[in-house]
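Being a predicted model, the structure only gives us computed values, none of them experimental. Just so you know, ligand 1 is whichever comes first in the structure, and atom 1 is the first atom listed for that ligand.
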Amino acid sequence: MVSSRADPARTSPCEPVMTRSTRPTGTESEEPHLRRAVCPGSFDPITNGHLDIIARASRLYDTVHVAVMINQSKKGLFDIDERIALIEEVTADLGNVRVESFHGLLVDFCKQHDIPAIVKGLRAVSDFDYELQMAQMNIGLSGVETLFVPTNPAYSFLSSSLVKEVAQWGGDISHLVPPPVLEALNARLRQQ
Ligand code: ADP
């Protein structure tokens, strides 16, 4: 699959950060002992590939922040609130996932929430060059570590853009996205 490595806005350094939390679990200063990680991305929409990484991270950390990147220069199929609502719905059973939006530097988001680790899925070797650069930049900027999780082979070709493209032409994507996402995608594509 083709990843969006070339998109510089994808969890890449840009401007200062602002976030909105939709499922607050208390302020970070109240819970200094918690181990936190962030799974960043555009999630337009969340796929089973994303969900697999988030679920695995949620077993390793006390709290997993899913940070939905706001990219003002790129209009998605779903707006940020819709993406957040879908992620919240499909991660609700994990119990330790917070979904927030952010724009700007991911490391500023990490600083703001006292998060020492970024968890990313590595789909193929083609992801590696860009992800390595990002990881090295992020640790250099702030000391935030990046942990790479090998993608479940069932999802190694999967990206949000591919899912949207296939759905647009009537292909079956029911095994690639959670049911609420399938429903939302079909409804959105019917409107277009
Ligand atoms: P895309 O539009 O390529 O799906 P996102 O920016 O939403 O990408 O993805 C954010 C992150 O989620 C990626 O950097 C990667 O770490 C992870 N990810 C995306 N798709 C998959 C997948 N199929 N398997 C594992 N991890 C994935």
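The ligand atoms of ligand 1 that sit less than 4.0 angstrom from a heavy atom of Thr151 are 24 (N), 25 (C), 26 (N). Of all atoms in ligand 1, listed by their number and element, those nearer than 4.0 Å to a heavy atom of Ser159 are 3 (O), 4 (O). Residue Gly49 has at least one heavy-atom neighbour below 4.0 Å for each of these atoms of ligand 1: 22 (C), 23 (N), 24 (N), 25 (C), 26 (N). For ligand 1 and Ser42, the ligand atoms under 4.0 Å from any heavy atom of the residue are 5 (P), 6 (O), 7 (O). Less than 4.0 angstrom separates some heavy atom of Glu131 from each of these atoms of ligand 1: 14 (O). Those atoms of ligand 1 that come under 4.0 Å of a heavy atom in Phe43, given as number and element, are 7 (O).
Considering backbone and side-chain N/O atoms, Ser161 never comes within less than 3.5 Å of an N/O atom of ligand 1. Of the N or O atoms in Lys120, one or more lie within a sub-3.5 Å distance of an N or O in ligand 1. Of the N or O atoms in Asp44, none lie within a sub-3.5 Å distance of an N or O in ligand 1. Polar contact with ligand 1: present for Ser160 (N/O pair, distance under 3.5 Å). Taking any N or O of Leu158, backbone or side chain, at least one lies under 3.5 Å from an N or O belonging to ligand 1.
Between the side chains of Asp44 and Ser42, no donor-acceptor pair is found at a separation under 3.5 Å.
Under the side-chain hydrogen bond (donor to acceptor under 3.5 Å, both in side chains) criterion, Glu165 pairs with no residue at all, not counting sequence neighbours. Partners of Pro150 by side-chain contact (heavy atoms from CB on, under 4.5 Å), not counting sequence neighbours, listed by chain and number: Arg56.
Of the residues Val177, Val97, Ile54, Leu51, the one that meets the side-chain contact (heavy atoms from CB on, under 4.5 Å) test with Val90 is Leu51.
In terms of heavy-atom proximity, Ser156 sits nearest to Arg123 at O-CB, 3.5 Å.
The 12-atom threshold is exceeded at CD of Gln168, counting heavy atoms of other residues, nucleotides or ligands nearer than 6.0 Å.
Considering only heavy atoms from C-beta on, Thr47 stays 4.5 Å or farther from Leu176 through its side chain. Looking at heavy atoms from C-beta onward, Phe78 lies in side-chain contact with Leu185 at the 4.5 angstrom threshold.
Contact annotation for Arg123 and ligand 1: only side-chain heavy atoms (C-beta onward) come within less than 4.0 Å of the ligand. With a 4.0 Å cut-off on non-hydrogen atoms, Ile53 touches ligand 1 through its side chain and not its backbone.
The heavy atom nearest to atom 11 (C) of ligand 1, out of those in Gly121, Pro150, Cys39, Pro40, is found in Pro40.
Classification of the Phe109-His65 ring pair by plane angle, with boundaries at 30° and 60°, yields perpendicular.
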